[in-house]
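Take a look at the structure set out below.
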There are 4 protein chains.
Amino acid sequence: MISAPDEQATGKGSARATAQRKRILCAARKCFVDRGFHAASMATIAQTAEMSPGLIYRYFRSKNEIILAIIDEQLEVARARIGELSDAGELAALIAASFDSTSRGDEERLSAPLFLEMSAEATRDPQIASALRSFDATIRGELARALARSREEGGYGVPNARAMGRALMFMCIFEGLKVREAREPHLDRKLLESALNDVLVNLFRPQ
Amino acid sequence: MISAPDEQATGKGSARATAQRKRILCAARKCFVDRGFHAASMATIAQTAEMSPGLIYRYFRSKNEIILAIIDEQLEVARARIGELSDAGELAALIAASFDSTSRGDEERLSAPLFLEMSAEATRDPQIASALRSFDATIRGELARALARSREEGGYGVPNARAMGRALMFMCIFEGLKVREAREPHLDRKLLESALNDVLVNLFRPQ
Amino acid sequence: MISAPDEQATGKGSARATAQRKRILCAARKCFVDRGFHAASMATIAQTAEMSPGLIYRYFRSKNEIILAIIDEQLEVARARIGELSDAGELAALIAASFDSTSRGDEERLSAPLFLEMSAEATRDPQIASALRSFDATIRGELARALARSREEGGYGVPNARAMGRALMFMCIFEGLKVREAREPHLDRKLLESALNDVLVNLFRPQ
Amino acid sequence: MISAPDEQATGKGSARATAQRKRILCAARKCFVDRGFHAASMATIAQTAEMSPGLIYRYFRSKNEIILAIIDEQLEVARARIGELSDAGELAALIAASFDSTSRGDEERLSAPLFLEMSAEATRDPQIASALRSFDATIRGELARALARSREEGGYGVPNARAMGRALMFMCIFEGLKVREAREPHLDRKLLESALNDVLVNLFRPQ
DNA sequence: CATGAATGAGGATTCATTCAT
DNA sequence: GATGAATGAATCCTCATTCAT
């Protein structure tokens with residue numbers, strides 16, 4: 001978690017407050033996707049959220065706090081998604097599906113533009129960097145464990161020595177595909193799926 | 001190429017002008033890496049280049065033109081690097097080496113932060129988007145051809161049907177690694193190399 | 001009308017907003033009179049209006065929009081004034097009076113410096129040029145009709161063939177006097193009045 | 001004369017220097033007509049004059065000095081032109097002809113845009129204001145004398161009491177027409193000529 | 001709670017002018 | 001004499017943030 005809840009100063013914890021925060025974050029997400037963290041102005045976010053700019057500051061201390069909250073949210077979504085993937089067997093098909101923007105609502109997918117925005121921002125902001133590192137650690141550990149688990153236990157039986165490396169490669173492919181999604185959203189699905197199978201079959205084949 | 005040379009209006013073509021442009025681009029690259037395209041101010045770039053802000057405009061029409069020039073430069077570097085990789089046999093080792101920021105000077109490597117910055121920007125700027133697409137087309141075509149070439153001709157003998165898909169996967173891994181480099185520059189090299197070998201051996205093994 | 005009201009984007013239509021716009025226009029008018037459209041800076045206008053520079057942009061999209069609004073205002077004032085003149089009989093006396101800067105407040109007179117500024121600007125800006133042309137057409141048409149009307153109907157009974165020409169001459173004299181006012185604001189009123197009578201008596205005498 | 005010759009510091013008096021000054025003034029005139037005093041940059045003027053910006057400063061101390069020189073030149077041209085007019089008998093036809101931009105070269109006509117630019121500038125710059133006043137005094141005196149001269153001496157025999165007033169009106173019409181020329185350069189010549197005759201016949205008819 | 005007007009620092013860009021060559 | 005690179009102040013405009021109502 002990047003942004004401390006700090007209900008004292010902002011959230012109030014009431015249902016109302018939660019709803020307002022969600023409203024703002026939803027608007028912010030849209031604006032950030034459309035224009036990037038920097039180019040999206042608080043005024044635009046307010047307008048999108050159909051509230052006054054001043055009101056936003058009742059729920060978030062600054063624009064940066066909103067950015068951090070959005071990053072948290074996106075990482076959470078990604079965590080959930082990759083958790084699902086690693087549990088299921090059909091990894092290639094599922095990853096390919098995660099590429100498809102029509103398969104889920106905006107709030108349930110790691111947005112490709114936001115992923116790039118976040119990653120770029122992490123280069124400069126240590127707080128964001130650390131959030132991403134923690135995300136990484138969680139996911140890679142989880143993946144490595146899944147890979148290392150024996151076939152009898154529903155795992156892939158990959159030797160421990162290789163599991164960490166393959167988890168790393170999985171992340172690279174997952175994130176490389178996010179980059180690609182941002183750049184080439186209409187990439188041929190057939191090509192993608194067969195390519196993924198071609199590679200992942202090796203990465204994840206029970207050994 | 002995004003930015004036409006257009007010596008008419010800016011560069012003057014003189015040795016001096018070329019040196020100044022290089023100076024500016026070098027300063028801009030530093031600033032963009034440190035702060036991002038948007039947060040880097042012309043004043044900062046000028047200061048880094050040790051010249052007055054006004055002077056920059058003798059060599060570039062706008063900040064955006066500088067951004068485009070930097071993107072051109074980075075894509076050119078990436079093209080050259082991937083060209084080398086695809087010619088050589090030791091793909092995994094080379095890719096891993098390309099991760100190593102100490103192996104080459106700043107100007108001879110695709111900067112990871114800039115790569116993210118560029119990719120994010122391409123989401124909104126059609127000119128950048130098109131430059132990236134053209135980069136993609138070139139590289140993927142080249143890779144696919146190298147993969148499809150018969151072993152006798154120094155290729156990998158991958159069936160045509162699979163070559164395109166593997167080229168795509170190669171790009172995902174390459175770019176996924178750039179993302180990782182930005183996030184985790186001190187990633188364990190041993191782990192990385194062995195993981196790459198593990199995957200690429202399958203992707204590029206002569207068949 | 002040059003500048004559409006466009007309350008959507010700027011004015012808000014509230015009483016407050018109207019007052020602020022007026023405040024800004026009033027300050028801008030002063031600054032433009034003192035220094036010209038180009039030399040008057042937004043900072044100066046803001047200072048004159050006793051507000052921050054940024055606030056101006058809540059009410060006007062750009063400096064140019066302010067210029068256009070001022071031009072609109074000035075043309076409107078001129079139209080009203082010439083309307084009065086053409087209705088009354090004592091044209092010479094009235095024109096001379098319109099020269100007198102003490103007879104009316106700043107907002108009810110076509111400012112001589114602004115008239116020059118506007119006219120000069122119209123040379124380059126097609127929007128302003130067209131506003132001036134429309135002003136011309138209105139006024140000259142109105143004058144020509146007044147001149148052509150029969151004496152029984154309160155007109156001057158000037159033959160149609162001559163009415164257009166005399167309306168043109170009237171405009172030349174009116175505008176020539178604006179030039180003079182800018183240059184020689186303390187011109188001898190007696191001289192002016194008798195000179196105007198001498199000429200206009202011929203232009204407008206009922207025939 | 002606004003701008004003191006001051007050969008010491010600038011002109012050098014040599015034929016070369018004179019030619020260079022003329023070159024610069026000619027370029028400046030073009031630029032000022034096209035873009036106005038303020039918007040015309042020294043760089044553009046230099047380019048138009050086909051010389052380097054720095055060189056201009058060998059012949060003029062500042063941009064303002066160029067503006068003043070141009071104003072001098074324009075007033076000189078106007079003086080000459082009105083001198084001709086007042087000597088000839090066919091005043092109306094001649095004034096109308098002076099409207100016609102094709103009748104003379106650019107350097108021999110008072111440019112309408114420059115006239116507006118000058119007049120506007122005179123509002124703020126006392127030096128320019130005084131130059132215009134001196135111009136006025138000369139011209140109006142000359143005109144008044146011509147009008148007052150007896151018919152036997154080639155004059156118009158206008159009583160002294162009226163001569164000053166008519167000279168004033170003549171100036172208004174002349175300058176009013178300059179304003180019109182800037183605004184409506186393609187004004188119907190027939191209309192203009194007949195209108196001028198209609199008025200001037202009264203102003204200048206020998207009495 | 002909510003508004004939206006207000007602030008003012010900061011950003012990109014231009015341009016008259018200078019000066020080393 | 002001549003060049004044109006270099007300067008840096010000044011300009012327009014934007015936007016995160018605050019606060020009176």
Side-chain angles (χ1 to χ4, degrees), chain A residues 12 14 16-17 20 37-47 49-67, chain B residues 12 14 16-17 19-20 35 38-47 49-67, chain C residues 12 14 16-17 19-20 38-47 49-67, chain D residues 12 14 16-17 20 38-47 49-67:
Chain A
K12 304 310 185 316
S14 78
R16 165 95 192 179
Q20 292 282 57
F37 288 153
H38 282 85
S41 76
M42 290 300 274
T44 312
I45 294 173
Q47 210 168 11
E50 292 175 297
M51 57 176 68
S52 67
L55 189 50
I56 293 183
Y57 286 83
R58 185 170 292 278
Y59 301 100
F60 293 91
R61 259 199 290 277
S62 68
K63 184 183 180 181
N64 203 51
E65 199 170 283
I66 297 180
I67 293 176
Chain B
K12 310 308 187 316
S14 78
R16 171 87 192 198
Q20 291 283 59
R35 327 214 24 187
H38 293 302
S41 78
M42 289 301 275
T44 311
I45 295 173
Q47 212 165 10
E50 290 174 300
M51 55 175 71
S52 67
L55 188 53
I56 293 183
Y57 288 85
R58 175 173 288 276
Y59 301 101
F60 293 92
R61 262 197 284 276
S62 67
K63 185 182 178 182
N64 202 52
E65 198 169 287
I66 297 179
I67 294 175
Chain C
K12 308 308 186 316
S14 78
R16 171 81 189 206
Q20 291 285 57
H38 293 301
S41 77
M42 290 302 274
T44 312
I45 294 173
Q47 212 165 9
E50 290 174 301
M51 56 175 71
S52 67
L55 188 51
I56 294 183
Y57 289 85
R58 174 172 290 276
Y59 302 101
F60 294 91
R61 261 196 285 275
S62 66
K63 184 181 178 181
N64 202 52
E65 196 169 288
I66 297 180
I67 293 176
Chain D
K12 309 307 189 316
S14 77
R16 166 94 191 181
Q20 292 282 58
H38 281 84
S41 76
M42 290 298 276
T44 311
I45 294 173
Q47 209 168 11
E50 290 174 299
M51 57 175 70
S52 66
L55 189 51
I56 293 183
Y57 285 83
R58 186 169 291 278
Y59 300 100
F60 293 92
R61 259 197 291 273
S62 69
K63 184 184 180 180
N64 201 52
E65 199 170 284
I66 297 180
I67 293 176

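Keep in mind that the numbers below use all heavy atoms, side chains included, and drop hydrogens, waters and symmetry copies. This is a predicted model, so every value here is computed, not measured. Note on naming: letters A, B, ... go to the chains in the order of the sequence lines (proteins, then strands), and numbering restarts at 1 for each one.
For the atom pair C:Met51 CE and C:Gln20 CD, the distance stands at 4.0 Å (nearest 0.5 Å). Expressed to the nearest 0.5 Å, how far CD of B:Glu65 lies from OH of B:Tyr57 amounts to 10.5 Å. The distance from the CG atom of D:Leu55 to the CD atom of D:Glu50 is 12.5 Å, given to the nearest 0.5 Å.
D:Glu50 has its CD atom 15 Å from the C1' atom of F:dT3, to the nearest Å. Atom CZ of A:Arg58 and atom P of F:dA20 are 14 Å apart (whole Å). In this structure, C:Glu65 atom CD and F:dC13 atom C1' are separated by 13 Å, rounded to whole Å. Residue A:Met42 contributes atom CE, which lies 20 Å from atom P of E:dG8 at whole-angstrom precision.
For C:Tyr57, no side-chain nitrogen or oxygen approaches OP1 or OP2 of F:dC15 to under 4.0 Å. For E:dG4, the OP1/OP2 oxygens have no side-chain nitrogen or oxygen of A:Ser52 closer than 4.0 Å.
Of the listed nucleotides (F:dG4, E:dA5, E:dG8), E:dA5 has the atom at the smallest distance from the side chain of C:Leu55. When each of F:dA16, F:dT11, E:dA16 is scored by its nearest atom to the side-chain atoms of C:Ser41, the top-ranked nucleotide is F:dT11. Candidate nucleotides F:dT17, F:dC12, E:dG8 were compared by shortest atom distance to the side chain of A:Lys63, and F:dT17 ranks first.
With hydrogens and angles ignored, the 3.5 Å screen pairs no side-chain donor or acceptor of D:Lys63 with any backbone N or O of D:Ser41.
Nearer the 5' end of DNA chain E, as judged by each residue's closest nucleotide, is the contact made by C:Met51, out of C:Met51 and D:Ala39.
Among the duplex regions that DNA chain F forms, those built from at least three successive Watson-Crick or G-U pairs under 3.5 Å are E:2-21 with F:2-21, ordered by first number.
When every heavy atom of C:Ser52 is checked against every heavy atom of C:Ala46, the shortest pair comes out as C-CB, 3.9 Å.
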